[in-house]
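Owing to the predicted nature of the structure, the values given are computational and were not obtained by experimental measurement. Every chain is numbered from 1, with letters handed out A, B, ... down the list of sequences.
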Number of protein chains: 2
Amino acid sequence: MAKEATTRYAVLGMLTLEPMTGYGLREAIARTIGHFWHESFGQLYPTLRALEAEGLVRTHPLGPRSREHRITDRGRDELRRWLGTPPSSSAAHRSELLLKVFFARHAEPGAVAGLVRAHRDTLVAARERYGGLEQEIAADQSPDRPHWLATVRHGIAMVDAGIAWSEETLRTLTDEDSR
Amino acid sequence: MAKEATTRYAVLGMLTLEPMTGYGLREAIARTIGHFWHESFGQLYPTLRALEAEGLVRTHPLGPRSREHRITDRGRDELRRWLGTPPSSSAAHRSELLLKVFFARHAEPGAVAGLVRAHRDTLVAARERYGGLEQEIAADQSPDRPHWLATVRHGIAMVDAGIAWSEETLRTLTDEDSR
DNA sequence: CGAGGCATGTAATCTGTTACATGATTCA
DNA sequence: TGAATCATGTAACAGATTACATGCCTCG
């Protein structure tokens, strides 16, 4: 059955929360799993049509130009199957920032330090968002709460570690420049 | 001039270390920046030919079936330019593991905990490798040392945070299952 | 002489983004 | 009424992986 296209499962998973339109799906993804996932319309709509053709999702018209997508029992089975399979390792761990740090000696003096500083600022802003999200989820009584908390805490752990690394790196990079 | 294909710059950067064959390039990438980057032959060879056509790399025959690639002055200029540009944010932050944790309630009991355990084991092994790499780099007298140390320490910081998160998550996931 | 590593490349395919194209509904 | 938001979809393209195809060289 070919490759495991993760978009399929992100969609099936989101539809366990509630039935949604394609548009709403993208919004919901940004709102709930946006800290580690994203989907574009160009992926979403074709995927929904494919899932429908396979009987994993069924649609019901809402208006003249909108339809609701609902996960089927077979869709739930397929989701459960996938949830037990190990993540496909090919998920490229590639960091453009680290590439730039690694070769920083060949850059304009101070240029890469600027990028690290911007990186830190981005992380600090993310840290703020994640903290709020954590409070929100913690207050929620959904049966998914422990799992959702785990994902947001992953984000927090990574961001905290990234901020600490940025500060440390900034110190060594600016020492370099001033020498 | 179209999109910034990062592969180009990874190649140019590596060729600042020393001239290499395409095959050797891949090896060198795995050895030195393997903790945050990787390239496949299918990318590497066409990229090398393109860089050559643009005059950013020049080749010299070594044997009947091998040639050495050397970065040119224009190549160094282009690398320097790129090093100062902010990383293209589109670098998708997508985690299949977190997707599985997020929807774990719909999985077979214990299945996702097993994946988190495997994840932790992978990180623990990586941590060992990175620790060794850090020692190696720290002992080196290359002018690149502070930058190389920074990248490996990024790996260590992320892995350490990931291990701690895994342990914590494993506790809450197994609590769940035993309830 | 056979296995494994060195070395180069192409073709098929997948996954995903971006831009384009269209139109309904809602609210200020 | 005009702008923003909701809503669906297609087309072109970019970036990358995988498998395939080839052949030399070295060492046991």
Whole angstrom value for the distance that separates [atom2] of [N] from [atom1] of [X]:
X: B/M20; N: C/dA7; atom1: CE; atom2: C1'; answer: 15 Å
X: A/L44; N: C/dA19; atom1: CG; atom2: C1'; answer: 17 Å
X: A/Q43; N: C/dC14; atom1: CD; atom2: P; answer: 13 Å
X: A/L62; N: D/dT5; atom1: CG; atom2: C1'; answer: 16 Å
X: A/H93; N: D/dT17; atom1: NE2; atom2: P; answer: 10 Å
X: B/E27; N: C/dG5; atom1: CD; atom2: P; answer: 11 Å
X: A/L25; N: D/dA7; atom1: CG; atom2: P; answer: 12 Å
X: A/R94; N: D/dG15; atom1: CZ; atom2: P; answer: 11 Å

Any [X] side-chain N or O less than 4.0 Å from OP1/OP2 of [N]:
X: B/H38; N: D/dA16; result: no
X: B/T6; N: D/dG15; result: no
X: B/R26; N: C/dC6; result: no

Output a table of donor-acceptor pairs, distance under 3.5 Å, between side-chain atoms of residues 39-46 of chain A and any protein atom two or more places apart or on a different chain; print 'none' if there are none.
from  : atom 1 : to    : atom 2 : distance (Å)
A/E39 : OE1    : A/T7  : OG1    : 3.2
A/E39 : OE1    : B/R94 : NH2    : 2.9
A/E39 : OE2    : A/T7  : OG1    : 3.1
A/E39 : OE2    : A/W37 : NE1    : 2.8
A/E39 : OE2    : B/R94 : NH2    : 2.7
A/Q43 : NE2    : A/T7  : OG1    : 3.4
A/Y45 : OH     : A/Y23 : N      : 3.4

Per-pair distances, 0.1 Å, donor-acceptor, side chain in residues 97-111 of chain A, under 3.5 Å, sequence neighbours excluded:
from   : atom 1 : to     : atom 2 : distance (Å)
A/K100 : NZ     : A/E96  : OE2    : 2.9
A/K100 : NZ     : B/T85  : O      : 2.6
A/K100 : NZ     : B/T85  : OG1    : 3.4
A/R105 : NE     : B/D144 : OD1    : 2.7
A/R105 : NH2    : B/D144 : OD2    : 3.2
A/H106 : NE2    : B/T16  : OG1    : 3.4

Strictly below 4.0 Å, N to O, side chains only: are B/E168 and B/R171 in salt-bridge contact?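 No, this pair does not count.
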
Pair up each side-chain donor or acceptor in residues 152-164 of chain B with any protein partner under 3.5 Å, not counting sequence neighbours, and list the distances.
from   : atom 1 : to     : atom 2 : distance (Å)
B/R153 : NE     : B/E134 : OE2    : 2.8
B/R153 : NH2    : B/E134 : OE2    : 3.4
B/D160 : OD1    : B/R127 : NH1    : 3.2
B/D160 : OD2    : B/R127 : NH1    : 2.9

Can you list everything that forms a side chain to side chain contact (heavy atoms under 4.5 Å, CB included) with A/R65? Sequence neighbours excluded, please.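 With neighbours one apart ignored, the set is empty.
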
Sequence-distant partners of A/D140, side chain to side chain contact (heavy atoms under 4.5 Å, CB included), two or more places apart: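 Partners of A/D140 under the side chain to side chain contact (heavy atoms under 4.5 Å, CB included) test: A/S142, A/W148.
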
Output one line per pair: protein atom, nucleotide atom from nucleotides 8-11 of chain C, and distance, for all N/O pairs under 3.5 Å.
from  : atom 1 : to    : atom 2 : distance (Å)
C/dT8 : OP1    : B/R67 : N      : 3.2
C/dT8 : OP1    : B/R67 : O      : 3.3
C/dT8 : OP2    : B/G22 : N      : 2.9
C/dT8 : OP2    : B/Y23 : N      : 2.8
C/dT8 : OP2    : B/Y45 : OH     : 2.8
C/dT8 : O5'    : B/Y45 : OH     : 3.4
C/dG9 : OP1    : B/R67 : NH2    : 2.3
C/dG9 : OP2    : B/R49 : NH1    : 2.4

Looking at B/R74 and B/E54, would you say the former's side chain and the latter's main chain have a donor-acceptor pair under 3.5 Å?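 Yes; at least one donor-acceptor contact below 3.5 Å.
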
